[in-house]
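So that the names make sense, note that chain A is the first sequence line, chain B the second, and so on, each numbered from 1. It should be emphasised that the depicted structure is a prediction, and the values quoted were computed from it without experimental measurement.
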Amino acid sequence: MIKLTLPDMSIREYENGTKAIEVVKSISEGLARSVVGASFNGKTIGLQEQINEDGNIKFLKFEDKEGKDVFWHTSSHILAQAIKRIWPEAKLAIGPSIDNGFYYDIDLDYRLVQEDFEKIESEMKKIVKEGLELERFELPREEAIKFMEEKEEPYKVELIKDLPADAIISFYKQGDFVDLCAGPHLESTKKPKAIKLLSIAGAYWRGNEKNKMLQRVYGITFEKAKELEEYIHMIEEAKKRDHRKLGKELELFFMSEEGPGFPFFLPKGIEIKNELLKYWREVHKKAGYVEIETPLMLSRHLWENSGHWDHYKDNMYTVKIDEEDFCVKPMNCPGGMMVYKNSMHSYKDFPIKAAEIGRVHRHELSGALHGLMRVRAFTQDDAHIFMLPEQIKDEIKNVANLIDGMYKTFGFTYHVELSTRPEDFLGDLKDWDMAESSLKEALEELGLNYIINEGDGAFYGPKIDFHLNDCIGRTWQCGTIQLDYQMPQRFDLEYVGADGQKHRPIMIHRVAFGSIERFFGILIEQFAGAFPTWLSPVQVKVLPISDKFNDYAKKVKEELEAFNIRVEIDTRAEKIGYKIREAQLEKVPYMFVVGEKEAEGNSVSVRERQKGDIGSMSTKEISDIILNKIKTRENDSPQ
RNA sequence: GCUGCCGUGGCUCAGCAGGUAGAGCAACGCACUCGUAAUGCGUAGGUCACCAGUUCAAUUCUGGUCGGUAGCUCCA
């Protein structure tokens, strides 16, 4: 979370008329401001907003975040109470609210199954009907421990024992059910009327895989049945755009048992991937990058030198060749270092920006794999920037702007996180402090709001991560900017400075798409498979009314191909309605229907996937429209 | 990797209280030659993920392996 000092309270009226008392802190002298909390009508809420270039704050979203937290947290207590009523021997662990609902971790020998949900739900509904009041009370530490020991709740006892000696320990009581809890809570159990338990899964006590695995029951509640219906509807809609489902249906990629985590790209998927790379190369060339390529496999010595062997050898693929160990690269940086070392560098050449579309392999845990989002072989749009210390801030800003521009092309929203020094870091503290403060300063000068993840940095340096939002509210790390003082040292990189002496350059690792596979997965979901015209694997489908017009259709196809438009033709002996239906399901942006009328008038009847039939025009006319969309990379997805 | 659930033709799924399987879509063939989201008829396609065990008999029961999946853990 953002660390705040000196909160400044003010009343602000937003464009939509919402009045809110907000706590605002300027995190630098510039424009960067961050709203961390606000209250509205006496309720604590969360706000999301954007700072415009003129310094005015534009209201984006009003979300009763805290209110939902309380609502769902109380719901989790109701869940726990219901479970204790049915299985009195269940031991309670923790039960917080989450972004969408809540869960409760319990230790119970009986294995819960989906069929138990109905029983638990109806018990919860009973508790809601009883409208039990939630009463808060406090106990000194020792008494609190004794209290929970008597209740035979070992997990609660452990939690209390971890609290400081002088801590005031609070409990919440509803009817005969009492739970250790800091609160706050609803006044009574009567509000969460619409209840749905969602799933059950294993979870380690305190998130540590060495601890016992508990049963975690997920649920969600609402005040009104209609809200629950809407939520379920939303989940179902989101499932329809799951990239794994669409990837199969639209023949973009597939997975095989022969290569778990190694995606196969089909012709249509590759069209999109290539289009992304084409865009990427344009952007990077303009930004002064050069492109290189380094080997897929390099000697183990190199990975020992880089420090990756020590940190990640269990996740690296290795192979023995001529009695020597080789590692399939899990990262591109050592290769990049070697390219740098291949020649002498002057301070005048800096910054040097060497980009690489690098295929990397990492042996991720089997349980972590998830479609294209988490794979074992992926393509990074990597780049290493070598520079002078005084260039750091500007270069970080350049990269952040480049990433921002690229994401905007796709209409993505994102948030930024800054990850700082981990426990198993390399190098000395002084360099780390400098690296972290450079990243912070760059972010602040850019006016970007960010979250700090203490101790979450890479072993060689702190990093700024860009997280994209997907269609069901999850976020995925894509872009990253990592500052690195270590690799240049380990690989003994040098440049000749103005003083004629040799110096050590500073390096940035960065990716914009991150993993092209992951980015592609998010794209599929973002557009629900209906890609903007410039990205569509098939941009036009020519549909002859009957096979009498196949020749004319072929002529139209050739005309479009001459313009480099991706075009397919459907000459099957099917009815036009059927051909249109299939082209619609393939989400092709343009369908050209051709029959007698068109063949005679040398034209095509254009159908857009969203608008339907838009009338007849010449091939040249419609081609110009399409070519312009491709050229400007217009986001014309109907999503 | 851990826990739960799942694994039947290319896809979506049905079936089997144990007697070696069925539908729709897709594919292929024939007829129809059609004007903006599914023309009709026919054909072919599966050692029911894999390996053991129980049994006269296993796709069905049991165990293991592999893979998928929801979470947990991890994510350079």
Asks: Taking B/C48 as the reference, what is the distance to B/G7 when you measure between their C1' atoms (whole Å, please)?
Replies: 10 Å
Asks: Mind calculating the distance between CG (A/Asp456) and C1' (B/A76) to the nearest angstrom?
Replies: 12 Å
Asks: How far does the P atom of B/G22 sit from the matching atom of B/U43, given to the nearest Å?
Replies: 14 Å
Asks: Stem list for RNA chain B, please, built from Watson-Crick and G-U wobble pairs under 3.5 Å and keeping only runs of at least 3.
Replies: B:1-7 with B:66-72, B:10-13 with B:22-25, B:27-31 with B:39-43, B:49-53 with B:61-65
Asks: How long is the gap from CZ on A/Phe592 to NZ on A/Lys557, to the nearest 0.5 Å?
Replies: 13.5 Å
Asks: Whole Å only: how far is the NZ atom of A/Lys210 from the C1' atom of B/C72?
Replies: 14 Å
Asks: Quick one: sort the A/His361 and A/Tyr317 rings into parallel, tilted or perpendicular, breaks at 30° and 60°.
Replies: perpendicular
Asks: Please report the distance separating the C1' of B/G10 from the corresponding atom of B/C28, rounded so that it comes out in whole Å.
Replies: 13 Å
Asks: Taking atom P of B/U12 as reference, at what distance in whole Å does atom CG of A/Leu246 sit?
Replies: 13 Å
Asks: Can you tell me if A/Lys579 touches the phosphate of B/A38, counting only side-chain N or O atoms and a distance under 4.0 Å to OP1 or OP2?
Replies: no
Asks: Within this structure, what is the CG-to-C1' distance between A/Asp570 and B/G35, rounded to whole angstrom?
Replies: 15 Å
Asks: If I pick the P atom on B/C61 and the same atom on B/A14, what distance separates them, to the nearest angstrom?
Replies: 15 Å
Asks: Salt bridge between A/Arg490 and A/Asp492, side-chain N to carboxylate O under 4.0 Å?
Replies: no
Asks: With C1' as the reference atom in both, quote the distance from B/U59 to B/U8 in angstrom, rounded to an integer.
Replies: 7 Å
Asks: Which residue lies toward the 5' end of RNA chain B, A/Ile580 or A/Arg111, if each is placed at its nearest nucleotide?
Replies: A/Arg111
Asks: How are the rings of A/Phe520 and A/Phe265 set relative to one another: parallel (under 30°), tilted (30 to 60°) or perpendicular (over 60°)?
Replies: parallel
Asks: Rounded to whole Å, how long is the line connecting atom NZ of A/Lys240 with atom P of B/U12?
Replies: 17 Å
Asks: Ignoring the backbone of A/Ser199, work out which of B/A70, B/G67, B/A37 is nearest its side chain.
Replies: B/A70
Asks: Checking contacts here: which listed nucleotide (B/C74, B/G35, B/A76) is nearest the side-chain heavy atoms of A/Met331?
Replies: B/A76
Asks: Can you measure A/Met255 atom CE to B/U69 atom C1' for me and round it to whole angstrom units?
Replies: 13 Å
Asks: Counting only side-chain nitrogens and oxygens, does A/Lys212 get under 4.0 Å of the OP1 or OP2 atom of B/C2?
Replies: no
Asks: Output the single nucleotide from B/G7, B/A76, B/A38 whose closest atom is nearest the side chain of A/Glu257.
Replies: B/G7
Asks: Between atom NZ of A/Lys579 and atom CG of A/Asp570, what is the distance when rounded to the nearest 0.5 Å?
Replies: 5.0 Å
Asks: Any N or O donor-acceptor pair under 3.5 Å from the base of B/G35 to the side chain of A/Glu598?
Replies: yes
Asks: Would you call A/Ser605 and A/Val594 a side-chain contact if the rule is heavy atoms closer than 4.5 Å?
Replies: no
Asks: If we take the C1' atom in both B/C74 and B/C13, what is their distance in whole Å?
Replies: 35 Å
Asks: Using the six-membered ring for Trp and the full ring for Phe, Tyr or His, decide whether A/Tyr312 stacks on the six-membered base ring of B/A76 (centres under 5.5 Å, planes under 30°).
Replies: yes
Asks: Quick one: sort the A/His509 and A/His384 rings into parallel, tilted or perpendicular, breaks at 30° and 60°.
Replies: perpendicular
Asks: Of the candidate nucleotides B/C75, B/C34, B/C2, which contains the atom at the shortest distance from the side chain of A/Met213?
Replies: B/C2
Asks: Can you identify which nucleotide, out of B/G71, B/U36, B/G7, has its nearest atom closest to the A/Arg216 side chain?
Replies: B/G71
Asks: When the C1' atoms of B/C56 and B/G18 are compared, how many Å lie between them, rounded to an integer?
Replies: 12 Å
Asks: Any chance the rings of A/Phe264 and A/Phe253 have centres within less than 6.0 Å?
Replies: no
Asks: If you assign each of A/Arg374 and A/Gly261 to its closest nucleotide in RNA chain B, which residue comes earlier from the 5' end?
Replies: A/Gly261
Asks: Looking only at side-chain atoms of A/Asp547, point me to the closest of B/G35, B/G68, B/U33.
Replies: B/U33
Asks: May I ask you to decide whether A/Lys91 forms a salt bridge with A/Asp107, counting only side-chain N to carboxylate O separations under 4.0 Å?
Replies: no
Asks: So, for A/His311 and A/Phe459, is the gap between ring centers shorter than 6.0 Å?
Replies: yes
Asks: Of the candidate nucleotides B/A38, B/G67, B/A76, which contains the atom at the shortest distance from the side chain of A/Tyr578?
Replies: B/A38
Asks: Compare the minimum distances between each of B/G68, B/C11, B/G35 and the side chain of A/Lys597, then state the nucleotide with the smallest one.
Replies: B/G35
Asks: Taking the side chain of A/Pro330 as heavy atoms from C-beta outward, which of B/A37, B/U36, B/A76 is closest to it?
Replies: B/A76
Asks: Closer than 4.0 Å, any side-chain N/O of A/Arg206 to the OP1 or OP2 of B/C72?
Replies: no
Asks: When you measure from the side-chain N and O atoms of A/His370 to the phosphate of B/C75, is any distance below 4.0 Å, counting only OP1 and OP2?
Replies: no
Asks: Whole angstroms only, please: what is the CD-P distance between A/Glu582 and B/C34?
Replies: 21 Å
Asks: Suppose you measure atom C1' in B/U62 against the same atom in B/U55; what distance do you get, rounded to whole Å?
Replies: 12 Å
Asks: Indicate whether OP1 or OP2 belonging to B/A70 is found under 4.0 Å from a side-chain N or O atom of A/Arg244.
Replies: yes
Asks: Starting from C1' on B/G4, measure out to CG on A/Asp105 and report it in whole angstrom.
Replies: 14 Å
Asks: When you measure from the side chain of A/Tyr204, which nucleotide among B/C32, B/U73, B/G35 comes out closest?
Replies: B/U73
